[in-house]
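The structure under discussion appears below in the form of structure tokens.
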Amino acid sequence: MKFGGSSVADAACMRQVASLVREALPQAPLVVLSAMGKTTNGLFAAASAAERGDLPVALDQLKTLIQNHRRAADELFNNPEGSVPEALDHALTDAFGQIELLLRGVALLRELSPRSQDAIASFGEQLSTRIFAAFLRKEGCDAAWVDACAVMRTDGTFGEGQPQPESIRELAASVIAPLLGPGRVVVTQGYIGATEEGLTTTLGRGGSDYSAALLGAALAASEVQIWTDVEGVLTCDPRIVPGALPIPELSFAEAAELAAFGAKVLHPATIQPAVEAKIPVTVRHTQKPQGRFTTITGEVHSGRSVTALASRGPITVLTVSSSRMLAQSGFLARLFEVFGRLGVSVDLVATAEVSVSLTIEADAPLKVLLKELSAFATVKVAEDRAIVAVVGARLKQTAGLGSRIFGALADINIEMISMGANEINLSLVVERPQEHETLRRLHAALIEGGV
Ligand code: ADP
Ligand code: ASP
Ligand code: MG
């Protein structure tokens with residue numbers, strides 16, 4: 001059971017989560033928590049203030065964080081029956097002191113390495129799980145707290161640690177499995193891990209979903225539940241299309257495409273460990289546990305040809321031309337060698353007779369890239385673009401889909417179009433100011449219009 005930031009945002013939310021966990025006790029749950037609410041953002045903001053040398057702002061951020069956690073703990077424990085347990089109080093005080101030390105160090109050096117960033121960011125999950133596990137115990141649950149750093153082994157890519165599934169399986173078997181059982185619960189942190197040398201890492205923003213899937217796979221869980229603030233995966237981000245509809249059943253492949261193309265409800269890497277272990281993933285609403293939810297499994301259940309839409313921006317489109325080289329063999333190899341060497345990942349590719357268009361992240365090292373590419377080609381750069389993805393298991397078999405898409409977007413300039421090799425994803429590139437309008441039009445034409 002993984003609960004996201006909004007699910008544990010304050011004392012009232014934590015009580016709700018505790019009641020869901022209590023109901024699940026017969027199934028021997030492992031609970032993976034995110035940091036409370038906007039804590040991780042706050043830690044990032046504090047760290048970058050410190051990096052600028054602005055210690056007062058950094059300490060102010062820390063003060064807000066301390067207040068939020070103290071308030072939640074006080075509300076959970078300070079009632080007629082007692083007060084915050086001493087062990088929890090010490091753990092909190094100790095963590096706050098460590099964050100302050102780290103921030104002071106960063107401010108002194110005015111240097112924030114990814115490694116320091118991870119050390120600071122990891123405290124969000126440490127704090128939320130300490131408070132929650134202590135609360136479960138107070139409520140009479142047999143609850144164990146496990147430090148994810150002892151289990152979630154990653155490589156040393158700070159900021160985006162690459163999990164080592166073999167080690168995680170072994171560590172989970174020795175550290176977590178003995179504590180699991182019907183009537184008991186184990187609480188651990190999402191998002192964070194550690195290298196073999198014990199250095200703290202993180203799995204990247206939104207990584208708690210990934211933690212849950214990795215631990216679920218390592219422990220051969222019967223289900224991975226992602227508890228969040230929506231009734232499952234919807235046909236589009238409800239913040240952009242308020243009329244987005246719930247999707248009861250989704251295939252692993254569809255969910256992976258949606259996550260990769262921007263549906264924030266799932267971290268893009270979440271699906272892979274679950275697929276490999278054939279474990280169903282459900283996405284559920286913490287505040288509406290009896291409501292609708294999505295089940296993601298290997299089979300394709302969605303009766304529609306278009307299942308959902310997602311979008312991601314800003315991205316940059318490069319159009320690479322070489323009248324001399326393109327028709328010759330080896331051009332694409334030479335082109336992609338540059339991207340590979342510079343570690344720039346390419347998302348969409350479309351080729352024409354004398355040019356290749358491709359999309360890269362907006363924060364890719366454009367200058368170096370252009371310098372290298374201009375040695376053998378001319379490059380046109382279009383920045384501030386967005387990818388809009390239409391996902392559906394039966395896209396390829398749906399006659400008339402193209403005309404519906406182009407009809408709905410008649411006055412929107414589509415700059416690039418690409419059908420995913422797996423045939424369940426059709427992606428368009430538009431200017432970023434038109435990203436949301438594109439989604440709304442496509443949702444009306446392809447989903448509300450019932451293709
Ligand atoms: P958590 O903190 O629980 O991990 P997130 O904020 O990361 O939650 O993800 C949930 C949010 O994802 C929702 O509030 C919603 O705005 C957004 N979202 C984007 N695309 C979708 C989609 N297709 N279906 C559901 N939610 C989506
Ligand atoms: N707390 C982390 C973040 O905000 C991880 C997560 O919530 O999934 O990115
Ligand atoms: Mg999330």
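All values below were derived from every heavy atom in this structure, side-chain atoms included, with hydrogens, water molecules and symmetry-related copies excluded. Each ligand, and each atom within it, is numbered from 1 in the order the structure gives.
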For Ser34, atoms of ligand 2 separated by under 4.0 Å from a heavy atom
6 (C), 7 (O), 8 (O)

Within a strict 4.5 Å, meaning less than it, do heavy atoms of the Thr359 and Arg385 side chains meet?
no

Any side-chain donor paired with an acceptor under 3.5 Å for Thr202 and Asp118?
yes

Nitrogen or oxygen contacts under 3.5 Å, ligand 1 side and protein side:
from     : atom 1 : to     : atom 2 : distance (Å)
ligand 1 : 2 (O)  : Gly5   : N      : 3.2
ligand 1 : 3 (O)  : Thr228 : OG1    : 2.7
ligand 1 : 4 (O)  : Lys2   : NZ     : 3.1
ligand 1 : 6 (O)  : Lys264 : NZ     : 2.9
ligand 1 : 8 (O)  : Thr228 : OG1    : 3.2
ligand 1 : 12 (O) : Val265 : N      : 3.4
ligand 1 : 14 (O) : Asp229 : OD1    : 2.8
ligand 1 : 14 (O) : Asp229 : OD2    : 3.3
ligand 1 : 16 (O) : Asp237 : OD1    : 3.0
ligand 1 : 16 (O) : Arg239 : NE     : 2.9
ligand 1 : 16 (O) : Arg239 : NH2    : 3.4
ligand 1 : 23 (N) : Leu234 : O      : 3.0
ligand 1 : 24 (N) : Leu234 : N      : 2.8

Can you establish whether the number of heavy atoms outside Glu160 located under 6.0 Å from its atom CD is more than 12?
no

For Glu125, take its heavy atoms, then give the atoms of ligand 2 lying under 4.0 Å from any of them.
1 (N), 2 (C), 5 (C)

Regarding Ser208 and Ser211, is there a side-chain donor-to-acceptor distance under 3.5 Å anywhere?
no

Can a donor-acceptor pair be found between the side chains of Gln189 and Thr129 at a distance below 3.5 Å?
yes

Pair Arg130 + Asp89: basic N to acidic O under 4.0 Å:
no

Could a heavy atom of Gly124 be found less than 4.0 Å from some atom of ligand 2?
no

Does a sphere of radius 6.0 Å around CZ in Arg115 hold more than 12 heavy atoms from other residues, nucleotides or ligands, not counting ones at 6.0 Å or beyond?
no

Quick check on Gln397: does its CD atom have over 12 non-hydrogen neighbours (other residues, nucleotides or ligands) under 6.0 Å away?
yes

Per-atom filter on ligand 2: closer than 4.0 angstrom to a heavy atom of Ser208 are 5 (C), 6 (C), 7 (O), 8 (O)

I'd like to check whether Asp209 has a polar contact with ligand 2, where a contact means an N/O of the residue lying under 3.5 Å from an N/O of the ligand.
no

Geometric N/O contact Tyr191 with ligand 2, under 3.5 angstrom:
no

For ligand 2, which atoms, with element, lie under 4.0 Å from some heavy atom of Gly207?
5 (C), 8 (O)

How close do Ala28 and Leu180 get, counting heavy atoms only, and between which atoms?
O-CD2, 3.9 Å

Any idea which atoms of ligand 2 are less than 4.0 Å away from a heavy-atom of Thr40?
1 (N), 2 (C), 3 (C), 4 (O)

Determine, using heavy atoms of Gly206 and all atoms of ligand 2, whether some pair is separated by less than 4.0 Å.
yes

Which of the ligand 2 atoms, numbered from 1, are nearer than 4.0 Å to a heavy atom of Arg205:
3 (C), 4 (O), 9 (O)

Ligand 2 to Lys2 polar contact by distance, N or O atoms, under 3.5 Å:
no

Between Arg394 and Glu254 (salt bridge meaning N to carboxylate O under 4.0 Å), is one present in this structure?
no

Between His267 and ligand 2, find which residue part has any heavy-atom pair under 4.0 Å and reply side chain, backbone, both or neither.
neither

Does Arg205, at its CZ atom, have more than 12 non-hydrogen atoms belonging to other residues, nucleotides or ligands within less than 6.0 Å?
yes

Glu223 bridged to Arg284 by N-O distance under 4.0 Å:
yes

